Structure formats: structure tokens, C-alpha cells
Amino acid sequence: MQLDFLGDLQRTHRCGDLRASDAGATITLMGWVNRRRDHGNLIFIDLRDRSGITQIVFDMERNPEMHARVEAVRNEYVLAVTGKVELRDENTINPKMETGEIEVIATDLKVLNESKVPPFFPGDANVNVNEEVRLKYRYLDLRRPEMHACVEMRHRVTLAIRNYLANQGFYEIETPMMTRSTPEGARDYLVPSRVHPGEFYALPQSPQIFKQLLMIGGLDRYFQIARCFRDEDLRADRQPEFTQIDLELCFPTEETIHQVVEGFLDAAFTAAGYTIKRPFPQMPYDEAIRLYGIDKPDLRLPAMTDVKPAFSAEELDMLAIDASLPVVAIRIPNVGELSRKERDEHKALLNEKQAKVIKFIDDFKRLEKGFAEPAAKVRELCGAEEGDLLVLVAAPKDGITEATPDDAAAKRRRQRQAYAVYTNAGQFRLALAQRYANRHKAFEGKEFKFLWVTNFPSFEWDEQMRQWTFAHHPFTSLHEQHMELLHDGVSALRDPNSALGAIRARAYDLVLNGTELGSGSIRIHQQDVQAKIFEALGMDEAEQKLRFGFFLEALQYGTPPHGGIALGLDRIVMILAGASSLREVIAFPKTAAATDLMMEAPTPVTDAQLKELSIAIKR
RNA sequence: GGGGUCGUAGUUCAGUUGGUUAGAACGCCGCCCUGUCACGGCGGAGGCCGCGAGUUCGAGUCUCGUCGACCCCGCCA
């Protein structure tokens, strides 16, 4: 169709602006045709922009020329409409629309652009379209008010954080996107260098080393809304590129950093329309494992309880439970009676590995028949109420766990076994919680349970490598009283029961409703300590120099004590939006296979490009 | 790397133990309609059943492979 030019025409209002008080005004709106209702000589157009929708009336009697022009207009055409705001008749007021008390009688119409019939209509109240289609036509998906709301909230949250941190004396500083691999442990995205054939930059997994260097540079307080890249397999809450609120400061204690984070989260949640309680509770890692079987406890449901004291040794023997390991009770409120069939399906919630490590008792009624007294004690210990689901989890007695010498190594081995019981029980707890979510309803609504998890282990056992590795990046401080364990432990790098497992770091995670929002630490600022850590990881001097020489050198020029944290912005916004996937809060997200369905990235490149980069593809 | 769910009209889905010409709703196109706002009425067009093999007289349906989307495990401090 013949299109009109915009010319000098300016809009006077947005489509969601007009109210009864504007009646009589002559206004100009611009936007998309959300929906068209053609009654023959009377045509209604709902015009939509970011702010909302206004009904435009084209009346054959009042303005035949306009009416004729609008007949060819279809959904998603782009219009500029000038007209008069009129109060609607009482019986035509639409209480469902913000602008439902008025309508605009068109006096001039410019068709600024037409539209192909889209694969789905952004104006449909419930767009129930396959995500594949939404991602391919992301620009149409983005026209939906729900998407606008997510994008807007993300903007407001980011802005609030920027303002808060700026007011706290933080500088926003950019760090390079093309850098060298930093030791986060994930796979790097690499960028080939044309001028250095065979060499590659890495995209940052985080700005970790740069922000520490900024502290050495005396910038005192740094933050960045930083894009990070990790080439690992994805999940609903993991994208290959994601955004962190990254910050670092000089001379902090853990408390300083917690306060800054709680402060900007308060600002962010307020900007999104929610209030949160401060200060956030704290829990040492070991306690989190014991009570929740996981390092990111979801506090919306009760903790687990160690109920071994409820049983005598004979009773545990009769139940075929290993008495040397914990017996934990999972309690999920308001689940009510379960059928035999429902209980039978609980087994399927465990994978093969878990089924080997733990056994569970989910028929509490039956337990009460055979073991009335202990069962009553269990109820008491858990604080269980009527209708609560109680499931006991323990290690099966396998006959192998006979009396072992009571030395330190044996003790640590038992600790490792207990850890396995706790963590598998914790996973079972989450699986049950998910399964009965519609009964306990604890996951509905906007309840925000924050938690600082502190004192993380410094080292973790790598089953594949059969040795201890650093649990965080290797710049994390240990607690000073654990430095000696480090000396002892280094010699036992390949012993799963080594003292290294007892060392705790000055590291903390922030958890919200069972989701890890981010983690940080007090860093090592002494060169000799840093070198010792590298050594503990099996790096000799030559390798240290090769990988971190520049950093070890920097540490020798008056490095201040410093520390920081990084929080996942996408995850924060996802939780605020009540979304179940990061893709909902990222304008142009990637699929689970790390592709962009709209841009169709990644793609092969031409042989000429490859040649220039000195790269040959193996086919 | 492994496991699961899914793939049929533009969209969302149905499609019986394998059996004639693959259906519905919404959308689209045409005609009619002056108070709709999920407008309404009448009529119409629209299909490589993801792709490729195989079994069979016959495959949307069964088998194998492959591609893609999503979820989970591993992985991601």
C-alpha cells in the first residue's frame, strides 16, 4: 500500500497516557496496530506502544476519507494518528483498559509502515507459542507487554544498582573483553589473533584479575556491570554469556562487603517494587550441608533434622541403617496423605548413584507401627505437624563399615561419608519439594529468602583427577588459623582424606530461594601466600611464572588487603520477574545449544577469513 | 558425553490396533455489518505430517539414523 512519510510530525502522548481528564484535547499518537475491529462503516483500531493501548475510532459518517484509508490497515502496521480525545459513552467504557474511559476520534492518519502477517501476534493476551518461534522472531516477541515489563525491570534494577554504588564511592570501570584466560575453571571462548598467528585472546569468564589489579592500582572501590563468557553446557539458569554485577574494594572485612551488597540489593528490589529484610542471615558452609544438604539452601522450606538420637543402636540395626553415619529427616509441610502409588514414585527421584549411597523411609505410618517410640521422638525433633511429609534418609548398613581405627584419617573418611548422606538427602529433599510444590505452595508468591553462606572449603576432591583442587579461584584467602593445615596438606594432595579438606576459605556465597546469586571472597594480598597456594595446587615455580608471573609481580608492589564479590544480574532479574528461564530476561538470549536462532549464529566463515587468521578447520 | 519430553496448516493442537481424500481452533483472504474491545455473520484458501533410510500390499502412526527446541545429570569455583 501507499505509505506516508513521518515528516515533522511529533507525537504528543504515548498510547498508555490518555485519561478522562484529557477529553477535548487534540493529540497525536504513534504506534503499532494491536488489533483491528471492523464493523463496516465503523472501524476500531487499538494502537499500541511501549506504554499501553488506546482505542482509535474511524467513523464513516464523521470522516469518510480516514475511514477509507484505514480499511486496508492490518495488525502490526505502524500508524501516526491525530485526533480528538473523547469521553466514551457510559456503556462503552472498558474497565479492563487503563485508557478505557476515553477513545480518540481520528482526524488524520499516516500509515508509516505495513507489516507482513506475523507468525504470532504480540497483542494476543496469552501468546502460547513455541519458544523456538519466539526466539526466531525475537523482535516480534519483544513487542509483547510481558517482555517490555521484563526489559524495563532489568533497566530499573541496573540503574538503581549503579546509583547506589556510585553514591557509596564506587567507580564504574570497564575492563578488557579480549584478554588472556583467567583461572575460573570453565572453558574459554577464544578469539584468534590475526597479527599473532596461532595465538588467541580469551573472552573473560569474569574480570577477576583486572579488578584485583584495580585495587593494586589504588582505585579503592570498583564496580562494573560486566559481561562474562563461559563455554559450558547450559541450563535454564545458565547462558553462555551473562552479566555480573562485579565489585571489589580495598581494606574490607567480610562485613563491609555484605553491607554493600545488601545495600544495592535493597535499592534494586525497591526499584522493582519489593521490600526485603536486612541484614541477611548467615550460615557457615558446614552447617548448610548438615541442615540442607547443599551449599545453596532454599530457606522457604524447613531444614533437615538429624534424628539419629531418636533411635537405639538395636533399632537402627533392625532398620538396616549404618549407625556410624547421620540419620536425617526431611520435612515438607502441608503435603497431606500420600497414596501408595505416589510413594512408589519416590524411588524414581533418585539416580543410580544416589540409590547406592542412601536409603529412605517414606512410609512414616508404617514406621510408627513398628517403632512407635522413636517415631514419636522423630516427630518431636523435627517439629512436625499434622499433614507434614516426613522422610527419613540414612546410609544403608552394608556390613563393610566395621569398627575402624579412630585416627584422624578415619575420622575424615567418616566425615566424607556423612557429607555424602547429607548432600544426597539434600537433593532428595529438593526433588520432593519440587514434586509436591502445588501442595505446600512455598514456591509461589514473591517471598525472598536471602542467605549468606560463609566459610567455604578451600579445596575439593576431584574424583577424575584423583587429587585435591581449589574450590574457588586460587586468589581466595584462607582463614589464618588454617595456614598450618595447608603445610600438612600439600604433601597429601592425592589423599582423599588429606587435611586439605578441613581448610576453610574467607569466601562467601549469596543465596536467594535456593539459587546462587553470586560469590566472593577476601583475596590474598601477600605474594608469598599466593605463591604457596599455587604450590599447593601442584604448580611449580616455572608454571606459576608462566601463567601468573605478571600477577605475582604486581602483588609485590604494595598490594592493599582487598576483596569483593560478583552477583548474577540475569538471575536476580529472573527471580524478580518470576520467570523460570534466563531467556525471559535477556533481550537476545541463546538456546540450550548456545545458538542464536534469530541471527543464526554461530556460522562457518569464509576460507579467506580463516586464512587471514592462520586457522585450518579439521573436517 | 549421558538421560528424558517434544516436532502434523502461519500458530496452538487432535489424529484410534498401520488402512480410502490428514482434522479442529485461532490466524489469513473475500463479502456483509455503526459501539466493538478475544466484535459478530457467511464463504474460501492454506499440509515435504522436521529430514533420511528401513519394515509393510499400504507408514503421520512401527524400527533405525539424523537435525532442531526444551528440561535434567555430568560440566559450570
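None of these values were measured; they are calculated from a predicted model. Chain A is the first sequence line, chain B the second, and so forth, proteins listed ahead of strands; every chain is numbered from 1.
- The partner of rC75(B) cannot be assigned: no Watson-Crick or G-U wobble pair with both contacts below 3.5 Å exists in any strand.
- Using a 4.0 Å heavy-atom cutoff across all strands shown, D59(A) reaches at least one base atom of the nucleic acid.
- For V117(A), the side-chain atoms get nearest to rG27(B) when compared with the rest of rA77(B), rC70(B), rG27(B).
- For R230(A) and rA77(B), the shortest distance from a side-chain N or O to OP1 or OP2 is below 4.0 Å.
- For rG68(B), neither phosphate oxygen OP1 nor OP2 lies less than 4.0 angstrom from any side-chain nitrogen or oxygen of K136(A).
- Straight-line distance between the P atoms of rU63(B) and rA24(B): roughly 29 Å, to the nearest whole Å.
- Nucleotide rG30(B) has rC42(B) as its partner under the Watson-Crick or G-U criteria, with both atom distances under 3.5 Å.
- E460(A) comes within 4.0 angstrom of the backbone, heavy atoms only, and of no base.
- Taking 4.0 Å as the cut-off between side-chain N and carboxylate O, R238(A) and D233(A) do not count as a salt-bridged pair.
- Rounded to whole Å, the distance from CD on Q427(A) to P on rC73(B) is 8 Å.
- Nucleotide rU56(B) has no partner under the Watson-Crick or G-U criteria, as no pair reaches both atom distances under 3.5 Å.
- Residue contacts shown for A593(A) are limited to sugar-phosphate atoms, with no base heavy atom under 4.0 Å away.
- R62(A) comes within 4.0 angstrom of no nucleic acid atom, judged by non-hydrogen atoms across all strands.
- Ring centroid separation for the pair Y508(A) and H258(A) comes in under the 6.0 Å cut-off.
- Heavy-atom distances to RNA chain B give each of R235(A) and T591(A) a nearest nucleotide, and the one nearer the 5′ end belongs to T591(A).
- The gap from the C1' atom of rC75(B) to that of rG58(B) amounts to 48 Å, rounded to the nearest Å.
- Comparing rC71(B) with rA14(B), their C1' atoms are spaced 25 Å from each other, to the whole Å.
- Ion pairing of R134(A) with E584(A) is present here, as a side-chain N (NZ or NE/NH1/NH2) and a carboxylate O approach within less than 4.0 Å.
- Across the protein-nucleic acid pair, H67(A) atom NE2 and rG35(B) atom P stand 12 Å apart, rounded to whole Å.
- Among the nucleotides rU36(B), rC29(B), rU11(B), the one closest to any side-chain atom of R74(A) is rC29(B).
- Comparing the same atom, P, in rG4(B) and in rC42(B) gives a spacing of 48 Å after rounding to whole Å.
- Across all strands shown, the partner of rA24(B) is rU12(B), judged by Watson-Crick or G-U wobble contacts whose two distances both fall under 3.5 Å.
- Here, rA59(B) and rA53(B) have their P atoms 13 Å apart, quoted to the whole Å.
- Of all nucleotides listed (rA69(B), rU34(B), rC28(B)), rC28(B) comes nearest to the side chain of F121(A).
- The phosphate of rG74(B) (OP1 or OP2) has no side-chain N or O of R238(A) nearer than 4.0 angstrom.
- One can place CZ of R523(A) at 12 Å from C1' of rA77(B), the figure rounded to the nearest angstrom.
- Note on Q239(A): nothing from the nucleic acid sits closer than 4.0 angstrom, heavy atoms only.
- In this structure, the CG atom of L582(A) is 14 Å from the C1' atom of rC71(B), given to the nearest Å.
- For A236(A), taking side-chain heavy atoms from C-beta onward, the closest of the listed nucleotides rA77(B), rU12(B), rC71(B) is rC71(B).
- With distances taken from any side-chain atom of H39(A) to the nucleotides rA38(B), rU12(B), rG35(B), the minimum falls on rG35(B).
- Heavy atoms of N130(A) sit under 4.0 angstrom from primed sugar atoms or phosphate atoms, though from no base atom.
- In the set rC75(B), rA38(B), rU12(B), the nucleotide with an atom closest to the side chain of V133(A) is rU12(B).
- In this structure, D298(A) pairs ionically with R300(A), as a charged nitrogen and a carboxylate oxygen lie closer than 4.0 Å.
- Within 3.5 Å, a donor on the side chain of E103(A) pairs with an acceptor on the base of rG35(B), or the reverse.
- The partner of rG18(B), taking Watson-Crick or G-U wobble pairs whose two distances both stay under 3.5 Å, does not exist in any strand shown.
- Residue-level contact check: T92(A) touches the bases, meaning some heavy atom is under 4.0 Å from a base atom.
- No contact: T476(A) has no heavy atom under 4.0 Å from any strand.
- Remark: R37(A) is not in phosphate contact with rU36(B), judged by side-chain N or O atoms under 4.0 Å from OP1 or OP2.
- Side-chain N/O atoms of S580(A) include none lying less than 4.0 angstrom from OP1 or OP2 on rC71(B).
- Here N41(A) reaches the OP1 or OP2 of rU34(B): one of its side-chain N or O atoms lies under 4.0 Å away.
- Residue pairs that meet the side-chain hydrogen bond (donor to acceptor under 3.5 Å, both in side chains) test with at least one member in residues 509-519 of chain A, sequence neighbours left out, do not exist here.
- When heavy atoms are screened at a 4.0 angstrom cut-off, E131(A) is found touching the sugar-phosphate backbone but no base atom.
- Taking a cutoff of 4.0 Å between a charged side-chain nitrogen and a carboxylate oxygen, E132(A) and R138(A) do not qualify as a salt bridge.
- rU56(B) sits 43 Å from rG44(B) when the P atoms are compared, rounded to a whole Å.
- A side-chain donor-acceptor contact under 3.5 Å links D59(A) to the backbone of E61(A).
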Next on the checklist: Working note: Q212(A) + Q208(A), criterion side chain to side chain donor-acceptor pair (under 3.5 Å); need CA distance, chi angles, decisive distance, verdict.
Outcome noted: CA-CA 7 Å; Q212(A) 293 193 239; Q208(A) 183 60 38; 2.9 Å; yes

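- Counting to the nearest Å, the P atom of rC33(B) and the CD atom of E61(A) are 13 Å from each other.
- Applying the Watson-Crick and G-U wobble criteria (two distances, each under 3.5 Å), rU36(B) pairs with nothing in any strand.
- When heavy atoms are screened at a 4.0 angstrom cut-off, R35(A) is found touching the sugar-phosphate backbone but no base atom.
- For the C1' atoms, the distance linking rG47(B) with rG27(B) amounts to 16 Å, nearest Å.
- In this structure, E71(A) places its CD atom 13 Å from P of rC29(B), rounding to the nearest Å.
- Using a 4.0 Å cut-off between a side-chain N of Lys or Arg and a carboxylate O of Asp or Glu, E131(A) and R583(A) qualify as a salt bridge.
- Heavy-atom distances to RNA chain B give each of L234(A) and L597(A) a nearest nucleotide, and the one nearer the 5′ end belongs to L597(A).
- At a cut-off of 3.5 angstrom, the base of rC39(B) holds no donor-acceptor pair with the side chain of R36(A).
- Among the protein residues, A471(A) comes within range of the nucleic acid bases, having at least one heavy atom under 4.0 Å from a base atom.
- The distance between atom CG of L140(A) and atom C1' of rG27(B), rounded to the nearest whole Å, is 14 Å.
- Spacing of C1' atoms, rC6(B) relative to rG19(B), comes out at 27 Å, to the nearest Å.
- No hydrogens or angles were tested; on distance alone, nothing pairs the side chain of N91(A) with the base of rG35(B) as donor and acceptor under 3.5 Å.
- A straight line from CD1 of I43(A) to P of rC32(B) spans 12 Å, rounded to a whole angstrom.
- Judged purely by atom type and a 3.5 angstrom limit, R36(A) uses its side chain to pair as donor or acceptor with the backbone of E71(A).
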